[in-house]
Amino acid sequence: MFFPSLALLAAAATAQAAIIDVQVGSSNGTLAFSPEAVSAQPGDQVVFHFQQKNHTATQSSFANPCAQKDGGFNSGFMPVPANQTDNFPTFTVPINDTTPVWVFCDQAANTAASHCGAGMVFAVNCGADGSANSFTNFKNAALAIGAELKAEAASSSAAAPASTDATASTTAAYGGITIPAAPSETVVTVTVTVEASSWTTVYSSYPGSPAATPASLEGTVHKVLVGNNGTLTYDPQFVVAAPRDIIQFEFHQKNHTATQSAFAAPCLPFVAADGTPGVDSGFMPVAANASAFPTWNVTVNDTNPLWFYCKQHSPDGSSHCGAGMVFAVNPVQTSPRNFSAFAALARTLNGTNASASASAPSGSGSAAPSATGTSGAASSAAASLALGLGSVLALFAVAL
Ligand SMILES: *[C@@H]1O[C@H](CO)[C@@H](O)[C@H](O)[C@H]1NC(C)=O
Ligand SMILES: *[C@@H]1O[C@H](CO)[C@@H](O)[C@H](O)[C@H]1NC(C)=O
Ligand SMILES: *[C@@H]1O[C@H](CO)[C@@H](O)[C@H](O)[C@H]1NC(C)=O
Ligand SMILES: *[C@@H]1O[C@H](CO)[C@@H](O)[C@H](O)[C@H]1NC(C)=O
Ligand SMILES: *[C@@H]1O[C@H](CO)[C@@H](O)[C@H](O)[C@H]1NC(C)=O
Ligand SMILES: *[C@@H]1O[C@H](CO)[C@@H](O)[C@H](O)[C@H]1NC(C)=O
Ligand SMILES: *[C@@H]1O[C@H](CO)[C@@H](O)[C@H](O)[C@H]1NC(C)=O
Ligand SMILES: *[C@@H]1O[C@H](CO)[C@@H](O)[C@H](O)[C@H]1NC(C)=O
Ligand SMILES: *[C@@H]1O[C@H](CO)[C@@H](O)[C@H](O)[C@H]1NC(C)=O
Ligand SMILES: *[C@@H]1O[C@H](CO)[C@@H](O)[C@H](O)[C@H]1NC(C)=O
Ligand SMILES: *[C@@H]1O[C@H](CO)[C@@H](O)[C@H](O)[C@H]1NC(C)=O
Ligand SMILES: *[C@@H]1O[C@H](CO)[C@@H](O)[C@H](O)[C@H]1NC(C)=O
């Protein structure tokens, strides 16, 4: 009896002693942790070795890759002169459990030169590739923040556009509510280089929008659980995705949809001004005893925000959308048209408190808000669809 349990204890003790070395930056200035992702057992220690330049290892969260997590660890800045070639400073983080640990370099935070925005991130015990919290998804979210910061810097150095007015407003497509105006868009033509392929693309840019540059030629799959565990939710609530990425909705028990809408009409199917309908999974009934879940994919074509909702109503007549069952791709989180504003609008317009007498929209352009502002959201919706198609052609045809 004693011998095996002692052997097990010894084995456990050996496993607990693991030291995992991670290089932060490099002599040639690479903005990366190496390795980028590791798995570790409780009791292991991750030791960061800071190379030349001036980096940090700061704990963040999956949802917010480039910001320090409340109460998270932080090495602080570790400046290392270019002529120092050994005795690099270290910072040790004990691993206490198997939950994922997300880490970034805080140098040049919130500027176009952000190290985190250049993809200088690291993870312990992240999800496997293809899962919602994979390292790839985490790093892409950081890169998207970097692209957004660069676009902001570029647009603020250009002649000050009068259209960035954060206080401009318009009226929702139904319900008579005042909402933030649509941003006005600028058409940008750029040469995109990804993995040694180059091509020219045209996309619509607006304050805070990242460049429509694919993160990879293949695209990343972002998995979104619909109605997981009986909840009226999409999980995650929104994703940051690059062109060519795939949003893979996985439908769980009950009978939900993923239906494209518009910010100004959160619980109605999107219809472009030219009458082209938006994308819609249709109803996906899943039996209570199901163990395999149907999926439905949407390819992301540019970086314009995409808004989604569930069309289903509960037996009592209440709307899933009005209960906040909404989702977004690339919401501009730094703008008034951010994800929480969208979810709040869905609750206000279609929640159980919504006025039953709220007038229904007229005509077929149901997703088009009345053009009261200077930046007609209707025309920008049309523009974004047209540009989306233009981008597809540019991205998919010219690349090959
Ligand atoms: C820079 O350093 C990293 C890590 O040491 C290495 O992987 C990479 O190949 C180097 N790049 C160049 C251009 O030397
Ligand atoms: C390291 O970077 C931080 C933040 O940018 C800066 O405040 C600090 O002065 C830098 N240290 C050195 C020695 O360059
Ligand atoms: C690095 O350079 C600085 C100034 O250029 C010098 O004072 C220092 O001694 C050098 N350090 C090493 C390790 O060579
Ligand atoms: C593990 O716990 C120690 C002590 O509370 C803490 O300093 C460290 O940051 C924790 N590690 C992680 C990855 O949170
Ligand atoms: C699923 O829901 C049940 C009951 O609400 C809860 O106890 C459980 O923790 C949930 N599981 C997950 C994975 O969210
Ligand atoms: C939301 O409310 C509008 C106006 O009352 C209605 O036309 C629409 O069908 C509702 N959508 C859902 C999903 O309940
Ligand atoms: C799913 O919901 C839709 C709309 O409520 C309904 O028409 C359809 O019959 C439902 N499917 C199943 C299998 O319950
Ligand atoms: C689920 O239940 C239905 C009827 O209640 C049955 O016909 C079906 O075989 C079951 N499916 C599985 C995967 O158990
Ligand atoms: C969605 O995309 C994933 C990843 O490419 C694939 O495995 C899955 O089969 C696709 N689902 C559908 C319904 O096409
Ligand atoms: C992106 O383009 C493809 C190919 O034209 C299309 O099937 C897909 O629905 C488009 N995605 C969106 C969100 O419109
Ligand atoms: C998000 O939207 C809400 C409602 O429009 C607004 O109060 C909040 O300031 C916005 N957040 C940011 C960062 O702009
Ligand atoms: C509905 O109204 C009740 C009572 O006024 C309030 O407590 C609740 O927060 C409201 N719910 C929503 C979704 O607005």
Side-chain angles (χ1 to χ4, degrees), residues 9-129 131 133-147 149-150 215:
L9 280 175
T14 311
Q16 280 173 2
I19 302 278
I20 298 166
D21 292 301
V22 178
Q23 183 178 322
V24 186
S26 78
S27 56
N28 65 23
T30 329
L31 297 184
F33 291 82
S34 178
E36 290 187 306
V38 301
S39 48
Q41 295 299 317
D44 290 355
Q45 296 193 320
V46 173
V47 181
F48 294 100
H49 297 262
F50 293 86
Q51 313 289 302
Q52 293 83 353
K53 300 243 164 118
N54 182 357
H55 301 295
T56 78
T58 307
Q59 187 176 10
S60 65
S61 58
F62 181 81
N64 211 347
C66 299
Q68 187 176 357
K69 181 185 167 178
D70 271 352
F73 61 78
N74 186 3
S75 67
F77 288 98
M78 296 288 203
V80 174
N83 62 357
Q84 183 176 334
T85 53
D86 54 13
N87 292 323
F88 295 120
T90 61
F91 178 69
T92 299
V93 174
I95 299 303
N96 307 315
D97 52 40
T98 54
T99 55
V101 178
W102 309 101
V103 178
F104 70 108
C105 173
D106 198 27
Q107 187 55 271
N110 299 314
T111 73
S114 158
H115 286 195
C116 182
M120 191 165 181
V121 293
F122 169 77
V124 182
N125 295 332
C126 56
D129 265 357
S131 62
N133 68 343
S134 66
F135 181 76
T136 306
N137 285 357
F138 178 61
K139 185 170 175 179
N140 281 342
L143 288 168
I145 290 170
L149 289 166
K150 280 183 191 149

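Below, each value reflects all heavy atoms present in this structure, side chains not excepted, and no hydrogens, waters or symmetry copies. These figures come from a predicted structure and were not determined experimentally.
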*Which atom pair, heavy atoms only, marks the closest approach of Ser60 to Pro65?*
OG-O, 2.9 Å

*Without hydrogens or angle criteria, can the side chains of His49 and Asp21 be said to hold a donor-acceptor pair below 3.5 Å?*
yes

*Write down the atom of Ile95, the atom of Asp97, and the distance for their closest heavy-atom approach.*
CG2-O, 3.3 Å

*Side-chain (Asn125) to main-chain (Ala40) donor-acceptor, under 3.5 angstrom*: yes

*Give, for atom CG of Asp44 and atom OG1 of Thr98, the distance between the pair rounded to the nearest 0.5 Å.*
11.5 Å

*How long is the span from the CG atom in Asp106 to the NE2 atom in His115, to the nearest 0.5 Å?*
10.5 Å

*Give a yes or no on whether Asp70 atom CG has more than 12 heavy-atom contacts from other residues, nucleotides or ligands under 6.0 Å away.*
no

*Grab the two heavy atoms, one from Ala37 and one from Cys126, that are nearest each other, plus how far apart they are.*
CB-SG, 4.2 Å

*OG1-CD1 distance between Thr92 and Ile20, expressed to the nearest 0.5 angstrom*: 11.5 Å

_Using 0.5 Å steps for rounding, measure from the CD atom of Gln68 to the CZ atom of Phe73._
9.5 Å

*Would you say the side-chain atoms of Ser75 pair up with the backbone N or O of Ala57, donor to acceptor, closer than 3.5 Å?*
yes

*Do the side chains of Val22 and Val47 get nearer than 4.5 Å, heavy atoms only?*
no

*Tell me, with the steps shown, if Thr58 and Asn74 meet side chain to side chain donor-acceptor pair (under 3.5 Å).*
CA-CA 4 Å; Thr58 307; Asn74 186 3; 2.7 Å; yes

*Note, Thr111 side chain near Leu149 side chain (heavy atom, < 4.5 Å)*: no

*Identify the heavy atoms of Met120 and Phe33 that sit nearest to each other, and give their distance.*
O-CE1, 3.4 Å

*Is the number of heavy atoms from other residues, nucleotides or ligands within 6.0 Å of CG (Asn110) greater than 12?*
no

*Go through Val93 and Val101 one step at a time and tell me if the side-chain contact (heavy atoms from CB on, under 4.5 Å) criterion holds.*
CA-CA 10 Å; Val93 174; Val101 178; 5.6 Å; no

_Let me confirm one number: the OG-CZ distance from Ser134 to Phe62, rounded to the nearest 0.5 Å._
6.5 Å

*Quick check: does any side chain N or O of Thr30 sit under 3.5 Å from a backbone N or O of Ala32, one acting as donor and the other as acceptor?*
no

*Is the backbone of Asn83 close enough, under 3.5 Å, to the side chain of Gln52 for a donor and an acceptor to pair up by distance?*
no

*Hey, mind stepping through Glu36 and Phe135 against side-chain contact (heavy atoms from CB on, under 4.5 Å) and telling me if it holds?*
CA-CA 8 Å; Glu36 290 187 306; Phe135 181 76; 3.5 Å; yes

*Can you tell me how far the OG1 atom of Thr99 sits from the CG atom of Asn133, to the nearest 0.5 Å?*
10.5 Å

*Please state whether the sulfur gamma atoms of Cys105 and Cys116 sit closer than 2.5 Å to each other.*
no

*asked:* Show the nearest heavy-atom pair for residues Met78 and Pro89, with the distance to one decimal.
replied: SD-CB, 4.2 Å

*Give the ring-plane orientation class for Phe48 versus Phe91, where under 30° counts as parallel, over 60° as perpendicular and anything between as tilted.*
parallel

_Heavy-atom donor-acceptor pair, Gln23 side chain to Ser26 backbone, under 3.5 Å_ = no

*Closest contact, heavy atoms only, His55 versus Leu31*: CE1-CD2, 3.8 Å

*Decide side-chain contact (heavy atoms from CB on, under 4.5 Å) for Phe104 and Phe122; before the verdict, give the C-alpha distance in whole Å, the side-chain angles of both, and the deciding distance to 0.1 Å.*
CA-CA 6 Å; Phe104 70 108; Phe122 169 77; over 6 Å; no

*Might you work through the side-chain contact (heavy atoms from CB on, under 4.5 Å) test for Asp129 and Thr136, ending with a clear yes or no?*
CA-CA 7 Å; Asp129 265 357; Thr136 306; 3.3 Å; yes

*When you measure from the side chain of Ser131 to the backbone N and O of Ala128, does any donor-acceptor pair fall under 3.5 Å?*
yes

